[in-house]
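Inspection log for the structure reproduced underneath, given as structure tokens.
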Amino acid sequence: AGLKVLYIYFSTPSWALPANVNNNAYPPSAQYANFGACAQAAAARYNGSNPQMRVDAWEIWNEPNLPGFASPVSSSAYMSFAKAI
């Protein structure tokens, strides 16, 4: 049907949340490298070598600057996160 798959990193696993944060819509803590390693592993797995398991594009967070979504992320924190991935 020609559909493309977009995967959006929009939540944070509990192990990557900052201390005392119980909200997976919050950006990862300083464990950007660990979170980046997970993202890279996912990208390698769904790179298209198996056409039935292909992700065509990856989005890092969705509107991280808006309040209420991911506790507005500063541009420097977003870039640290993006560079890790």
Any chance you could measure Trp58, atom CH2, to Ile8, atom CD1, to the nearest 0.5 Å?
11.5 Å
Between Val55 and Tyr7, the two heavy atoms sitting closest are CG1-CB, 3.7 Å
Does Asp56 have any side chain to side chain contact (heavy atoms under 4.5 Å, CB included) partners at least two apart in sequence or in another chain, and if so, which?
Lys4, Val5, Arg54
